[in-house]
Each structure stands twice: as structure tokens, then as C-alpha cells.
Amino acid sequence: MTTAQSQELDVQPTPLALLLLGREADPRSERGVECPGDLPSPSDPDLVERARAAKEKLGDKVFVLGHHYQRDEVIQFADVTGDSFKLARDAAARPQAEYIVFCGVHFMAESADILTSDDQKVVLPDLAAGCSMADMATAEQVAECWDVLTEAGVAEQVVPVSYMNSSADIKAFTGRHGGTICTSSNAKRALEWAFQQGEKVLFLPDQHLGRNTAVRDMGMSLEDCVVYNPHRPNGGLTADELRAAKMILWRGHCSVHGRFSLDSVNDVRERIPGVNVLVHPECRHEVVAAADHVGSTEHIIKTLEAAPAGSKWAIGTELNLVRRLANRFAPEGKEVVFLDRTVCFCSTMNRIDLPHLVWALESLAEGNLVNRIQVDEETEAFAKLALERMLALP
């Protein structure tokens, strides 16, 4: 990419690129790159049996969580599957499990550590399994944003609402400033609560979920929303724009859901007459507006479960899940396809593969604690406060 192209696309140099290449480790980042010990070869034909044997040896001491976007080879060993918040709560409901092996990404493991007891140890099989969306809002950037809001004279009117897909630091910031966490299922309830507390909302870190919820579900206009870009002075906004806005959206997005376009929707309707388009609310606003149904991962699954035989569905979410759903519902005569022609896995979620899972389970079975995710006490306290506000939502 040329310098001119980079400027046109508003791409900013970042050390995270080196992290993805495995060339650096940044202790301030929510992810690392080291994996001590020797990983089994991915071609080892005994991997499945090794995982099964290690899990059996650990018994009730281990509880394996599998996010919906995980590979099939990994999800087969999950004791429970679900979205990030459901899994964190499931872990908290199993106090007898000494080890929580989270097959997901870093912020999910942090949430599990926050919600589980101090005696439980959360393990992420690959520390490089991060989340590009969560990485788009750092503690330093959000603190600077709050300074901008203060200088504009609006901070006292602003209530932060942070998506579950955020780091523990961002959840803690939210707790400190009187805000709450939300999921894609309860974002509307969270925003309704926030507007009872203040006049404006700072929505972190996914601009699309914030915009879609405000406009589609709460009747606001696009003009009520502004986007704060942490890479520009004052977020790229004037004080007057901040004063006029109801929703201050962080300039973040999901790398998977952000790929779907209006062209994707139009193309699939042309290819498959009578298809129902069902998308996640992390998709762009124009995609959500053109879809027939919109909802969280759990909503997508329940919608397909209730769908009549013979119905056709184009799903706008991560490919591992869509493939799993297509195979599951094919015997019922339901056609399920991926919304876009371009294959798009969640690359960081896919870092949790069978060799990493086997390595983690065998290490634990041998008494070696590896890749523990542990949130410091102060961060945990404020993050938990924000999570508890969410749990108390009507």
C-alpha cells in the first residue's frame, strides 16, 4: 500500500501489525504472541484422542468453553457453547472447576476471569487470539476522548455504554464513569437506561452496533450520531458537533461483520429468489436496513431453529457458525448460505486450533498452568461494576 493510499483510507501505523506477524510483544496490548512449550504438529493423527485423554484425566477440574465462531475441531471438546457473555456466566456457575479453558478470544477470557472466583484460573490456549474490534479502543485513547468531552463541556452529560467486545480496561473505564456494558441482545435496553442517566451516550468500541441500535431500534436519526476517530485531533469533531450529538460512536468495527455490503444483500437476493437475509447488528447500517431480520448470534440460531422446512436463509455472520448451521439444518430442508461470496473467517478466533487446545489441556493435566488470563484487582472491580449494572437492567 502506498502512502497516498494509506492516507486516503485513513490507515494509521500501529505496532499491532507486528504483533499479528509475531515479531513483537506489547504488554499494554490485550494480546501477546508467546506460547511456551512445544505445540503438537497439526498433522498429528492422534490429536483428537490426546485432547480427549487429557480432558478425561482432568475431569471436573476443567471446564471448556467454546464460542460459536470456533472451528469444529475445537468446538467438539466444549462443555458449553455460546456467545461471550453467556460463556463467562456459565464459567461463574461452575465454581468446582479449577481451570476454565476459554476457546474464544482475549477479552472473553478477561470477562470470565472477572466473573469467576479468585480460586478459578482462566486459560486461553493461544494468547495471540485477540479481537481487532477490542484493539480499536485502548485505555489511553478513551481517556483522551473523555478529556475532549470535558473540554467541550459535555462530559457531565455523557454516559458510556461499552459493548461486551471490549477489553477489561475499557469495561473498567465504563464502570468508573457511571456506565454499563451491553451485548448485541440487550443494547437497546442498555441505551434506554443510559439516556435515563444522561443526555448523551459514548458508545464503545463498535460504531455499527451503536448506530444500528440508536436508529433502527430507538427511532433516532443518523444526524443524532457522530463518530469519534481516536486517530484525529479531538476525535475529528468540533465542540459544537459534540454538543449537538446524542450518540458519540467510537470509530471501531468488527473485521468480519464489517465486510458485508449492500451489494452482498442484493447479490444473494438475485441468486436465491425468496431468500431471507438475516444479519448480525455489527454489520454496517445499510446492510442492516436492507436485511429481513437482524439479531445477535443467539437470535440467529433461534430464528433458524423456528424457521419452516424449505425456507432459504442468507446469514451475515462468521463463517464457522454459518457452516455449522447449514449442516445442522440441512436434514430439516432448510437452506443456509453465507451472505457474501467471499469466505471470511474470524482470523483471530481461528487461532484457537486443535494443537493449541491439546497443548493447553495436556499442560494442565501435568500440573503446569499455562496462558493464564488474570485481570488486576482494581480493573476487575470497576469492570465488574459495569457488568453488574448490565445485569440489573430491567
Where [X] and [Y] come nearest, the two heavy atoms and their spacing:
{"X": "Phe77", "Y": "Arg52", "answer": "CE2-N, 3.8 Å"}
{"X": "Ala134", "Y": "Ser167", "answer": "CB-N, 4.2 Å"}
{"X": "Gly66", "Y": "Ala78", "answer": "N-CB, 3.7 Å"}
{"X": "Ala129", "Y": "Gly104", "answer": "CB-O, 3.7 Å"}
{"X": "Ala91", "Y": "Leu65", "answer": "CB-CD1, 3.9 Å"}
{"X": "Val123", "Y": "Ala360", "answer": "CG1-CB, 4.4 Å"}

Is the shortest side-chain heavy-atom distance between [X] and [Y] below 4.5 Å?
{"X": "Pro125", "Y": "Asn371", "result": "no"}
{"X": "Ile301", "Y": "Arg328", "result": "yes"}
{"X": "Cys103", "Y": "Leu357", "result": "yes"}
{"X": "His231", "Y": "Gln141", "result": "yes"}
{"X": "His293", "Y": "Trp313", "result": "yes"}
{"X": "Val287", "Y": "Val265", "result": "yes"}
{"X": "Lys384", "Y": "Ile114", "result": "yes"}
{"X": "Arg251", "Y": "Met136", "result": "no"}

Just do the side chain to side chain contact (heavy atoms under 4.5 Å, CB included) check on Val101 and Leu364 with the steps written out, would you?
-> CA-CA 10 Å; Val101 176; Leu364 294 176; 3.7 Å; yes
[atom1] of [X] to [atom2] of [Y]: how many Å apart, nearest 0.5 Å?
{"X": "Tyr228", "Y": "Leu149", "atom1": "OH", "atom2": "CG", "result": "7.0 Å"}
{"X": "Asp353", "Y": "Arg71", "atom1": "CG", "atom2": "CZ", "result": "5.0 Å"}
{"X": "Ile170", "Y": "Thr138", "atom1": "CD1", "atom2": "OG1", "result": "6.5 Å"}
{"X": "Cys182", "Y": "Met164", "atom1": "SG", "atom2": "CE", "result": "10.0 Å"}
{"X": "Leu87", "Y": "Ser111", "atom1": "CG", "atom2": "OG", "result": "10.5 Å"}
{"X": "Gln207", "Y": "His285", "atom1": "CD", "atom2": "NE2", "result": "12.0 Å"}

Check the hydrophobic clustering (I, L, V, M, F, W, Y; side-chain heavy atoms under 4.5 Å; chains of links allowed) and say if [X] and [Y] are grouped together.
{"X": "Met390", "Y": "Leu204", "result": "no"}
{"X": "Trp193", "Y": "Leu391", "result": "yes"}
{"X": "Val277", "Y": "Leu321", "result": "yes"}
{"X": "Leu393", "Y": "Val201", "result": "yes"}

Using a strict 4.0 Å threshold on nitrogen-to-oxygen distance, state whether [X] and [Y] make a salt bridge.
{"X": "Asp267", "Y": "Arg341", "answer": "yes"}
{"X": "Asp90", "Y": "Arg94", "answer": "no"}
{"X": "Asp126", "Y": "Arg351", "answer": "yes"}

Tell me if a side-chain donor or acceptor on [X] pairs with a main-chain N or O of [Y] at a distance below 3.5 Å.
{"X": "Asp113", "Y": "Val122", "value": "no"}
{"X": "Lys246", "Y": "Met220", "value": "no"}
{"X": "Asn212", "Y": "Pro281", "value": "yes"}
{"X": "Glu282", "Y": "Cys254", "value": "no"}
{"X": "Gln197", "Y": "Ala194", "value": "no"}
{"X": "Lys171", "Y": "Ser166", "value": "yes"}
{"X": "Lys57", "Y": "Glu366", "value": "no"}
{"X": "Lys200", "Y": "Leu242", "value": "yes"}
{"X": "Glu241", "Y": "Thr238", "value": "yes"}
{"X": "Asn327", "Y": "Arg324", "value": "no"}

Pick one: which of Thr180, Thr174, Asp206 meets side chain to side chain donor-acceptor pair (under 3.5 Å) with Ser162?
-> Thr174
Sole residue of Thr297, Asn320, Asp83 in side chain to side chain donor-acceptor pair (under 3.5 Å) with Tyr69 = Thr297
Are Phe260 and Phe338 an aromatic pair by the rule of ring centers under 6.0 Å?
-> yes
For the residue pair Phe173 and Trp146, is the inter-centroid distance of their aromatic rings smaller than 6.0 Å?
-> yes
Around atom [atom1] of [X], are there more than 12 heavy atoms from other residues, nucleotides or ligands closer than 6.0 Å?
{"X": "Asp118", "atom1": "CG", "answer": "no"}
{"X": "Lys121", "atom1": "NZ", "answer": "yes"}
{"X": "Glu305", "atom1": "CD", "answer": "yes"}
{"X": "Gln96", "atom1": "CD", "answer": "yes"}
{"X": "Glu56", "atom1": "CD", "answer": "no"}
{"X": "Arg269", "atom1": "CZ", "answer": "yes"}

Could you walk me through whether Asp72 and Arg323 pass side chain to side chain contact (heavy atoms under 4.5 Å, CB included), step by step?
-> CA-CA 10 Å; Asp72 286 344; Arg323 283 182 169 177; 6.0 Å; no
Can you check side chain to side chain contact (heavy atoms under 4.5 Å, CB included) on Tyr99 and Leu369, steps first, answer last?
-> CA-CA 9 Å; Tyr99 304 116; Leu369 178 60; 4.1 Å; yes
Establish, from distance only, whether the side-chain atoms of Asp135 and Ser132 form a donor-acceptor pair under 3.5 Å.
-> no
Test item: side-chain donor near acceptor, Thr81 and His68, under 3.5 Å | no
Test applied, side-chain contact (heavy atoms from CB on, under 4.5 Å); reference residue, Ile315; option that passes from Leu304, Val268, Thr303 | Leu304
